Amino acid sequence: MSDLLFLIPLLPLIAAAVNYIFGRWYLRETSAYIATAAVAVSFALSLGVFIDQLGSDDPLRQHLYDWVPAGLFHAPLNLYADHLTAVMLMVVTSVSLLVHIYSMGYMQGDPGYYRFFSFLPLFVFSMLMLVLADNLLVMFFGWEAVGLCSYLLIGFYFRRHSANQAAKKAFIVNRIGDFGFSVGVMLLFWKLDTIIFEQLFDRLDLLSTNTLTVAALLLFTGAVGKSAQLPLFVWLPDAMEGPTPVSALIHAATMVTAGVYMMARLYPVFSASSDALLVIAIVGALTAFIAGTIAITQFDIKRVIAYSTVSHLGFMVFAVGVGAWAAAIFHLMTHAFFKGLLFLGAGSVIHGMHEEQDMRRMGGLRKYMPTTHLTFLIAAASNAGIILFAGFWSKDEVLVGGWLDERYILTFVMFGAAFLSSLYIFRAYFMTFWGEERFDAREVHPHESPSIMTVPLVILAIPAAIIGFAGFPPEDGWIHDFLEPNFTTEQRSEEAASAVAVFQAEDEADEHHVSTAMTLTFGAISTLLSFGGLGVAYLAYVRKHPAFSPTVWAARAGPIYQLFANKYYLDEIYERLIVHPLYWFSEQVLWQIVDIRIIDGAVNGVASVVNYSAAQLRRVQTGFVANYALAIAIGAVIVIGLALAFQSDLLN
Amino acid sequence: MDELSATHFLLLSAALFIIGMMGVLTRRNVIVIFMAVELMINGVNVALIGFAWEQNSMIGQSFALFVIAVAAAESVVGLGIIMALQRRIDTVDIADIRQLRE
Amino acid sequence: MDSLPILSMITYAPLVGAAILFFASRADAEMSRRIALAFATISFLLSLAMLIAFDVNEPGMQFTEHIEWLPGVGVNYDFGVDGVSALLVVLTTLLSLIGVIASGSITHRRREYYITLLLLETGMIGVFFALDLFLFYIFWELMLVPMALLIGVWGSANRVYAAVKFFIYTLAASLLMLVGIVAVYWENINQGNDPTLNILDLAAVQYSDDFQFWVFLAFFIAFAVKVPMWPFHTWLPDAHVEAPTVGSVILAGVLLKMGGYGMIRFNLSLTPDAAEDLAPYIIALSVIGIIYGALVALVQPDMKKLVAYSSVSHMGFVTLGIFAFNMQGFYGAMLVMLSHGFVTGGLFLCVGVLYDRAHTRLISAFGGVVSRMPVYAALFGVLMLASLGLPGLSGFVGEFLAIVGAFTEHRWAGAIGMAVVILSAWYMMWLFQRVVLGRAAGEPPDPLDGALQSGSVPAVAGGQGVADHGDEWPVDEHGVPQWPDVTRLELIAIVPLVLLSIMLGVWPGPFMDVMRTTLESILVPFGSQGV
Amino acid sequence: MLPGIEKINPDLSLLTPQLIVLGLSLLLLLIDAVVPRWRGAVMAYLTLIGYAAALVATFFMFDMNESTFYGMIRADDFSAFVNVIVLVAGILSVLVSINYMTSRAEPGSMPVPEYYALISFSILGAMIVGAAGDLVIVFLGIEMSSLAVYALTGFARHRITSLEGALKYFLLGLFASAILLYGMAWTYGATGTTNLSEIAAELANYDTSGNIEASLLLAVLLLIVGLGFKVAAVPFHMWTPDAYQGAPTPVSAYMSVIPKAAGFAAMVRLLVQALEPLADEWTIIIAILAVVTMFFGNIVAIAQTDIKRMLAYSSIGHTGYMLAAVAAYGASASIDDDLSVTSLLFYLLAYAFMNIGAFAIVTWLQDRGRGVDLSDFRGLASQSPVAALMMTVFLLSLTGLPPLVGFYAKYYVILATVDAGMIWLAVAIVLASAASAFYYLRVIATMYFAEAEQPEPVGSTPWLGAGLLAMVAGTILVGIFSGRVFDLAQGWVDALTIIPG
Amino acid sequence: MSTEVLIFDLLAVVAVISALGVVLARNPIHSAVALVVTFINLAGIFVMLHAEFLAAVQLIVYTGAVTVLIVFVIFLVRVNDLPEFYGGNPVQRAFAVLIGLALFAEVAAAILTRSALGSTGPWTSEVIAEAGGNVQVLGQLLYTEFSIAVQITAVVLLVGTVAALVLARPDSALLPGRGKRTGLISLGHPRGTDREVAAALPASLEASRRGEAPGVRFDDRGVVLVDNAEVFTESTAWGGDRLEEEE
């Protein structure tokens, strides 16, 4: 199996290259089949890897070639698949495959069809490289490459200014995170002389706690960018400029979770620094809550889902921060399916509504598009954490993890986020599928999408509904066992081990002996919160209960509502405080003053001084012979005088 | 300074030399400048002959002879230039002869 | 010199071509072009052969040539190539060949143009081969004149200023190097050695710290101006903007490399102690240059200026890497040089393609080029991404290694230098967005443009500025000139660079193999880890 | 004890080149009187043949170190090399002159026959300075050379500026001659002899470790001032721009090299040979003069638009470099390795090729009816690419750009100065060179980058063309094959051998 | 104070005073006369220095030839037009005096501090007398040690002659045949100089400018080309070549 590992990313890459080069003139529609087939084979192979890993604790490895053999900084292109990778492979290839199929319908007739089916497998390739990497540099390659694909696909409609802006913004904001990430990589390399994961983990005990904390925080910066955490999440809502399948695949299911995956992959680094984890937990919790508050004020269906994504990424990051590693990955997995499904469903709605995205111009769609409605409902329930649906199990575990880690305040914040996630998703659901038809029926004729789109929805709905049982019973399900090897620290040196051992002992005691009572309590709270959200949404948007009227509440909340609706003015703050000053500084200070006036001014100044002195000195030459003779005489007197004074015995 | 010594002659030579030089520096009439230079050269000759007298060598006198001869040749050339110039522009004032400048 | 003098053949093939062109006064433009092409190709093929025959395990000089020249003053004709120069020479011959190919848009005094180009090539190759300081200096200055002529004769509006500035700036700086060369020459003799100017012999001598300091400065300033390092960079934007396309390509692709090459070859080997002492200051300047170049590039209204300032930024990595004194830094510096040659060369060609069509380089005059020139957009896009350091393309490996190298020695410098990944993405993507993406001036906006923004951002039509299109191209109903996509010649010129930059990003191994042993041997005096 | 009148038995063979040139000069005068119809070209051929013969004779004069005429005449490698410089420069100047003399570039007519005679006399004077072994001979040689050049400067007698240049040159030259003479008198007074070798021998007994006696120093200083005038060192340079600008262009070309060569030959003979024991004193003075000179010349040249005047200032700048070479004297442990005068001689030879070359292009343009202003060069590259290319070669060589001879010359000077421990002087040289690039480049820029305004220059000047070719070849090749030339020049150390009269 | 010193002082003082006269006299003729006085005094001093031959040469060459030459030139350039003035502006004069005094101080310091070399040469007055006198000894030296210098001096004198001839001889001597000549007259320059532009042209020229006068052409430099230059030389004010003087 390990010999075929390279095919998993390679096939999509080939598809991407072939489609890009030949797509425009030769392949055209055929490109979709090539891409889908490649991804399908990748999926099959991933399945093989998964099955292989199910029964084995030995990771699969494949050495391809030495990518960057720069002395100690040795970055071989190795593929590596352990349990964690296997889970990610499954998630990535399955969702990708479905999105590919779905896109064949969704993108029908688009002039950039071939381009789409070139970028999409390229993304799959990049994501698979990220997942399969065995060292930091290859991971960084995948990390940046998915960013590129995100850029290409957000800006897919490159004739739209807003799409271009969003694409650029996504890339640049991501790069801020990447900056931190790469400094983290360099820090680890500097201290440990390697960037290969396994060697890195072996040598971690050489690091002081402070260094570890710094390294972990730097690496986390990468995750903040990629996984759209506070304060860098601003790019993700704008990323909805891309075609909806892209949002489903990249900005919900896979790419944005790369940050979480990265932290899981670097578990030994992160788990060794409790300070860093605390920061991570706080960021995650705040992100989850704040994104939720924004989501309830949005009217664009994709934006609601986008903020929901941010919020759920916050859940995952929070899980990492409180040491609930398995829960984080578990939530990542369930979220991939239900959020992918939500986006695809939203895409189907948009498709059926002739590119309308504003929920205020929708309503009552359930009778026009039943399949979409049903699958969307399943996904929404999962997202809201309605009991038995996938999202419930994973979210519940995150909350329990927070409590067990004794982050009580944060856990309460997370409760709020959980309530909000139920509220906004059902708000969206009800606004879209229930209530009166607010669109102009003369122009818009809602219709169900073709089966090429609905079939993936149905397929995706299955895991979105039931995949949660992979984590049943809570804290002790299959997923926990499977990921166990990834999240235990081994092989620590004596002294470090003793220090960690205590911590770990407590940890294990807490984690693996969760009382049934606690499980039940948290299940109850979760259920309460999710139904609470559902209920409020129902009352407000279906029953139009005056006590829950959104307009009234919006007016009552006033500035707070404005704050939410304007996403805390983060974009504006960045624009005013960073972007504009930077432009001003670059142009007015650096370029116009430092460069042109000072540096170049000095250069030209030398020339001017020379020219000026030339113009002045030439006037010495008066044309008057007596002056010339005088010059000679003065020169003689000076030369003779000085020489006599200094060199002769006259004065000395 | 009771005895006649080379110092006397050297001082005289210096005086002549410098008076000549000041003539070159102050006069505007080309011909007078020319005369001033002759003064300088005579100053040199006094020095040469003075040194020869002091050292009992004839080299100085011989040198002075060549100086006089060369000075004569120079006079010829100089006066030739003055004549040629005077033929073009009717002046011997160097303040008028300053088209070439700066 | 028993074997074939292949290095001399590589060097003087273009010179022969130039001489033939010079005397072939009847040759018309097309003929001149063919002759130039032939000799540039010969040089390129010979250099490839040299690279193939190159023994990567040999740290010293290879294919050496030695002719006694001016024995009285220790000057000899010494040629040789090692892992550092081999690649740069091939880069030079390649870019020169591409330069000849891409010169189709030159319309006047074409014979002289090709003569200049070929002379320039000889000068550039000689710089990399020369082992004798005197010979090196000759080649170093030799290329000044053709380059200044390229800018001054075939450049655009403000070309005279740019040419003169380029010439005097670099001349002034390199003249100090001449004093340094002479000082080293005498110091070597004063230590009781035979008169020589061979760099290998001179490097074997231990000089006093004080002496090293001054000699280091003398050499360094010459190279720093060439690199160009902040704050010696202001000639570059002017030169680039005014130079013809090929001039810019060669300027960016090869001339700037000579600075980095010179530092590795001369500063490090002659004055290792001074280099180590002064490294912190140089690192600081490099970092300033990296960030500064990027920030200033951000606000440039002119495409070439933007790329020029980005060069300042990129070349900062070269000095950063070199003065980190470890393997990563060296690799990084070398790879950045190669990558910058491919990528910036390619970018200038891309700018040239647009300039040939629109006769302006103002960014504001463009927009939506992709709709009319999709192939062009793809090529430009790849180069843009390579320039901003996307992993898998050429820019990344070098820059990352350079920073890793710097980081292990100077934490803050590495960290701050890394921040340029944000800025480089910013200015390159913004450039790409304004020029290639979007819409041309006059085109109506997309109905869905800004639909997501809930009305806060107005829909934006294409580029605001108006280019002077003349009647050269047919226009569509919006008055947008329908430029043809890249021609076959342009494709031949740009595609190799694109492919090379991909290759360098995906598989830099072969490149690194060539330089490995040499870099390791250069590193020996610095006793650094990292082998 | 009367020394009997012995029959003097001089070895005239040691003066072969000088005698050839003297014979040539007299022959030219004679022809003018006897066969007036041979005026013009025939005289030019004769002149060229004569110089070539003298040059050939000179090559037999190397590797000699003898004296004759009671030590008044030295035949050593230094004098031979000076002969080479002035004869090469003479040949080149004549080649530049031939067509100019008959062109209509100057108003009125010029007395052509005397022209070649005067040039020959001037060259003879310079050669005599080179071979001088006595103060008297130095003086006479300089005067012979100068007198002829005064007349040549005013050769375009119908042009007032020509006469004005001659007058200024003459008056100041006379003034400087007086100062130089005064210095010689003082030297004589301090040492009791005028023989250069004997002066050196005399001074060798003198304690030069501490402060020098004022009168001796005065002698040195007056000599420096006088010679400084001859070589156009600032602030004794004032005549240079006016004389160069006023003189007919071929004469400007001529006098940019040969009187300068004579001046430097005198400087070497007087300072290096005779006053060698006082080297510590005069090197520093010369060094300071060198710096002032190179900067003043090169900077003021920037402000000039008249090419001849610009080249005049440029020649002042080059004087600075040559002075630097002289100032570098005395540093080497072994005098046989002393590069100072070697580099000076090489510089002079290089300078002959490139500077006469630059003037030759100006002449070339004048022959075709153009002026000597910078604007007359506009767009020359598109009208006469070869002429423009040649001018570029000369100017770049003057800038000191490799691989042209000017670079080698400058390199050797820097080599010498650094050897002498005067790094600051070397730095000054390179900075001044950079400044000089300003105005040299401006001419190149005008030729290449500006649009032509005047009609294409037409005309036929075969001799000038031949001369230009020779000078371009020299400018390119002399540097590359400078090894042998340099060895020849290194023979100057012969001059330091003390051969009493 | 010996008689010698007294005589010397007398001669020296007169020489210096007359030298000052040369420099200070307003009229160049007076300068010339003062110069002659100086020379004569110097001749006397030469005699004191046992340089009898040089004294004679001084009288003959300087007071004879040179002064005569000078006076000749003064006449040539018309005495009435001679400028009678001192040097340019007062600053120049002040500087000149200052510089002169400074230089004199420097030289005098050198003179007064010098250590005399003493009698190094063989030519004491006895030896000279034995050889037959100053002239004999000098002659002997000139024919032996200085023989080459004498010859070179001869060439120098020849050069001087040729140079003066080249500059001063009239054009007519150069040009074969005096028949039909093309003269060059610069209209823009009064008195043939390049300095000022004529305020008004003579009427005949105005006519010729209109093309009415035969045998006259204008070229583009503002120069009149005439077939017969004499026609236009009625006024020396703008006659270029003073051709009438050569007739």
Side-chain angles (χ1 to χ4, degrees), chain A residues 583-652, chain E residues 16 19-28 30-32 34-35 70 73-74 77 81-118 163-164 167-168 189 191-197:
Chain A
Y583 273 120
W584 179 85
F585 178 71
S586 300
E587 174 147 15
Q588 300 302 328
V589 179
L590 285 185
W591 187 32
Q592 296 293 343
I593 294 178
V594 177
D595 213 58
I596 294 179
R597 296 253 182 82
I598 299 178
I599 300 179
D600 216 19
V603 173
N604 291 330
V606 170
S608 312
V609 166
V610 169
N611 275 326
Y612 178 78
S613 30
Q616 295 305 311
L617 281 176
R618 70 181 291 188
R619 294 170 59 187
V620 169
Q621 205 82 24
T622 53
F624 192 27
V625 182
N627 289 347
Y628 295 5
L630 186 65
I632 295 176
I634 291 177
V637 167
I638 290 173
V639 168
I640 294 172
L642 286 180
L644 286 182
F646 291 108
Q647 295 182 340
S648 82
D649 53 5
L650 269 185
L651 301 178
N652 300 304
Chain E
V16 168
L20 283 171
V22 174
V23 174
L24 296 174
R26 296 177 71 87
N27 189 329
H30 298 168
S31 293
L35 189 62
I70 289 170
V73 170
I74 288 171
V77 299
D81 294 352
L82 282 178
E84 297 178 2
F85 39 63
Y86 294 101
N89 58 35
V91 179
Q92 162 92 12
R93 250 185 296 163
F95 253 104
V97 173
L98 218 64
I99 288 298
L101 292 177
L103 192 60
F104 186 76
E106 287 166 2
V107 177
I111 292 169
L112 296 172
T113 59
R114 75 183 270 272
S115 51
L117 200 59
L167 292 166
H189 303 137
R191 302 194 298 171
T193 74
D194 295 346
R195 288 180 304 144
E196 299 166 43
V197 177

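Lettering of chains follows the sequences in order, A, B, ..., and the numbering in each one begins at 1. What you are looking at is a predicted structure, and each value in this text was computed from that prediction instead of being measured.
- Rounding to the nearest 0.5 angstrom, the gap separating the CD1 atom in A:Ile632 from the CD1 atom in E:Ile99 is 12.5 Å.
- For a residue to count as touching a neighbouring chain, one of its non-hydrogen atoms must lie under 4.5 Å from one of that chain's; by this rule A:Leu644 touches chain E with the side chain only.
- Shown here for A:Ile640 and E:Glu106, the closest heavy-atom pair between the two residues is CG2-OE1, 3.2 Å.
- Heavy atoms from other residues, nucleotides or ligands lying under 6.0 Å from CZ of E:Phe95 number 12 at most.
- The 12-atom threshold is exceeded at OH of A:Tyr583, counting heavy atoms of other residues, nucleotides or ligands nearer than 6.0 Å.
- Nearest approach of E:Ala102 to A:Val637, heavy atoms of both residues: CB-CG1, 3.9 Å.
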